[in-house]
Amino acid sequence: MKTSFISSNAIAQTMRNHMMRMQVELVQRQQEVTTQRLADPGKTLGARAGFSFSMARDIERLENLLDSNGLAANRLSATQNALEQFSNVSQDLLSTLTAAVSGVSDTSIVRAAATRSLESVTSILNTNMNGEYLFAGINTDVKPVNEFTAPGSPNQAQFDNYFQTHFGFTQTDPAAANITAAQMNDFIDNTLIPGFMGTDWQAAWSNASDETITSRITLNETAQTSTTANSIGMRKVALATAMTSDLLKIPLSEETQKALYTKATSLVGEAVADVARIQSEVGVSEIRVKDATDRVEAQIDLSKLFVNEMEGVDPYEASTKLNELLTQIETSYALTARIQQLSLLRHL
């Protein structure tokens with residue numbers, strides 16, 4: 001008959017190995033109790049783990065879209081507020097010019113109002129939010145509009161060049177007082193308007209891009225989420241305010257002044273309508289972003305529900321397993337201590 005020898009050291013080593021495995025499992029059980037999700041989905045779910053991981057990546061992409069949509073919504077809201085201010089300034093100027101055409105307002109009052117309006121619309125178009133200029137198109141890090149009243153401004157220099165090239169003398173020349181209404185209309189129609197509405201606008205006035213920001217608002221949908229200072233309405237207000245504030249420095253005849261007022265009134269009236277159109281477009285984009293955000297949030301909730309059904313654990317069951325494992329580990333510690341106390345000397 002064979003005799004088997006089992007040493008206390010071998011038993012202790014076996015117990016230690018078993019305890020190490022239980023300690024690893026303990027960490028996993030604690031994680032499951034805390035997160036209420038499987039600690040190792042790949043091991044537990046097997047072939048279904050691929051679908052779960054794919055859903056998790058989709059959720060991450062959708063959550064990134066939510067962040068992007070939040071930024072777009074804030075930009076559109078700030079743009080809408082700025083456009084409202086722009087429209088109000090334009091409406092006030094239009095009222096002043098309408099009164100001037102009727103001969104009600106004094107020249108100094110009209111010029112002061114035009115200068116204030118020019119400074120206001122320039123400030124509005126240069127609105128900055130979180131380090132980005134709202135009306136710069138895709139050139140968000142560049143101030144969109146140069147200040148006409150600033151010393152050495154390129155747009156003032158361009159305007160002066162327009163005047164001198166057209167008339168052959170400067171605004172400060174005494175001959176400027178003799179400009180007729182017909183000559184003023186010709187200057188505005190054939191020099192200023194083509195210049196402001198053409199490429200000269202971006203040569204001296206604007207640093208903005210014609211291209212606006214296009215944002216992805218769902219996985220398969222995009223929307224324009226900005227506007228640009230190069231819009232026709234913005235140019236017309238800039239032209240009306242610049243020519244009124246600058247040319248009224250000249251002691252023009254009453255007839256010539258009226259021609260100037262009439263042209264400026266027409267430009268601002270057209271601009272108000274154009275700005276209203278831009279406000280409408282921005283409003284449509286706001287609605288699209290909000291609707292897209294709602295759909296993305298619903299999709300995220302549904303995806304999380306699917307993932308939770310696969311990876312989620314019952315908190316009561318997880319707590320029960322954790323407590324059972326703790327009891328086993330405590331029992332193993334006690335047995336290991338008993339075994340380590342065994343020795344031949346104590347037996348003898």
Side-chain angles (χ1 to χ4, degrees), residues 85-125 145 147-149 153 155-156 158-198 200-201 204-205 231-277:
Q85 295 174 38
F86 191 99
S87 179
N88 291 338
V89 171
S90 301
Q91 292 281 6
D92 291 343
L93 177 61
L94 185 60
S95 298
T96 300
L97 290 170
T98 302
V101 171
S102 303
V104 176
S105 299
D106 182 78
T107 302
S108 60
I109 296 176
V110 179
R111 180 168 178 261
T115 302
R116 287 195 305 272
S117 298
L118 176 57
E119 292 172 348
S120 295
V121 297
T122 300
S123 176
I124 292 168
L125 293 178
V145 179
E147 297 180 15
F148 186 76
T149 56
S153 65
N155 36 0
Q156 176 70 70
Q158 183 193 69
F159 192 93
D160 293 343
N161 183 63
Y162 282 153
F163 188 93
Q164 186 166 10
T165 301
H166 185 87
F167 291 108
F169 48 80
T170 65
Q171 297 97 308
T172 57
D173 193 296
N178 299 321
I179 295 174
T180 66
Q183 290 173 326
M184 179 61 72
N185 286 329
D186 179 58
F187 174 54
I188 295 172
D189 290 337
N190 298 313
T191 298
L192 290 183
I193 291 178
F196 272 71
M197 301 305 138
D200 285 356
W201 167 260
W205 278 82
S231 300
I232 296 299
M234 315 299 185
R235 301 189 193 201
K236 287 181 178 179
V237 172
L239 171 55
T241 53
M243 73 184 194
T244 304
S245 63
D246 189 272
L247 297 178
L248 284 182
K249 292 185 294 186
I250 305 170
L252 300 169
S253 67
E254 184 175 338
E255 184 182 2
T256 304
Q257 286 181 7
K258 186 173 182 179
L260 174 62
Y261 295 153
T262 300
K263 288 293 184 183
T265 301
S266 176
L267 286 168
V268 176
E270 294 169 1
V272 168
D274 188 70
V275 171
R277 176 187 58 78

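- Checked by atom type and distance alone, the side chain of Ser245 never pairs as donor or acceptor with a backbone atom of Thr115 at under 3.5 Å.
- Legend: residues meeting side chain to side chain contact (heavy atoms under 4.5 Å, CB included) with Asn190, ordered by chain and number and at least two apart, are Asp186.
- Across every non-hydrogen atom of Leu93 and Ala114, the tightest pair is CD1-CA, 4.0 Å.
- Residues Gly233 and Asp274 approach most closely at N-OD2, 2.8 Å, considering heavy atoms.
- Rounded to the nearest 0.5 Å, atoms CD1 (Ile124) and CG (Asn88) are 8.0 Å apart.
- Annotation: side chain to side chain contact (heavy atoms under 4.5 Å, CB included) contacts of Asn161 (sequence neighbours excluded): Thr165.
- Below 30°, between 30° and 60°, or above 60°: for Trp201 and Phe196 the angle between ring planes is between 30° and 60°, a tilted geometry.
- Residues that satisfy the salt bridge (Lys or Arg N to Asp or Glu O under 4.0 Å) test with Asp160, not counting sequence neighbours, are absent from this structure.
- Residues satisfying the side chain to side chain contact (heavy atoms under 4.5 Å, CB included) criterion with Ala112, sequence neighbours excluded, are Arg116.
- Between Ala176 and Phe163, the shortest heavy-atom distance links the atoms CB-CZ, 4.3 Å.
- Among Leu267, Ile193, Leu118, the single residue meeting the side-chain contact (heavy atoms from CB on, under 4.5 Å) criterion with Met243 is Leu267.
- Within the 3.5 Å criterion, the main-chain N or O of Ile188 finds no donor-acceptor partner in the side chain of Thr191.
- Side chain of Asp200 to main chain of Gly195: no donor-acceptor pair is present (N/O by atom type, distance under 3.5 Å, no hydrogens or angles).
- Under a 3.5 Å cut-off, the side chain of Ser266 and the backbone N or O of Thr262 do not form any donor-acceptor pair.
- The backbone N or O of Val237 sits less than 3.5 Å from a side-chain atom of Thr241, completing a donor-acceptor pair.
- Once rounded to the nearest 0.5 Å, the distance linking CD of Gln164 with CG of Asp173 reads 9.0 Å.
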Carefully, step by step, assess Phe187 and Tyr162 under the rule ring pair (Phe, Tyr, Trp, His ring centres under 6.0 Å).
CA-CA 9 Å; Phe187 174 54; Tyr162 282 153; 7.5 Å; no
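- In this structure, the separation between CE on Met184 and NZ on Lys258 is 15.0 Å, given to the nearest 0.5 Å.
- With hydrogens and angles ignored, the 3.5 Å screen pairs a side-chain donor or acceptor of Thr180 with a backbone N or O of Gln183.
- Considering only residues two or more places apart in sequence or on other chains, Thr265 meets the side chain to side chain contact (heavy atoms under 4.5 Å, CB included) condition with Leu94, Leu97, Thr98, Val101.
- Here the CD atom belonging to Glu147 is positioned 10.5 Å from the CH2 atom belonging to Trp205, to the nearest 0.5 angstrom.
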Just list the side-chain donor-acceptor pairs under 3.5 Å for residues 248-255, sequence neighbours left out, or say none.
| residue | atom | partner | partner atom | Å |
| --- | --- | --- | --- | --- |
| Lys249 | NZ | Asp246 | OD2 | 3.4 |
| Ser253 | OG | Thr256 | N | 3.2 |
| Ser253 | OG | Thr256 | OG1 | 2.8 |

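- Using a 4.5 Å heavy-atom cutoff, the side chains of Leu247 and Phe159 are in contact.
- Note that the CD1 atom of Ile232 and the CD atom of Glu270 stand 10.5 Å from one another [nearest 0.5 Å].
- Rounding to the nearest 0.5 Å places OG of Ser90 at 8.5 Å from CE of Met234.
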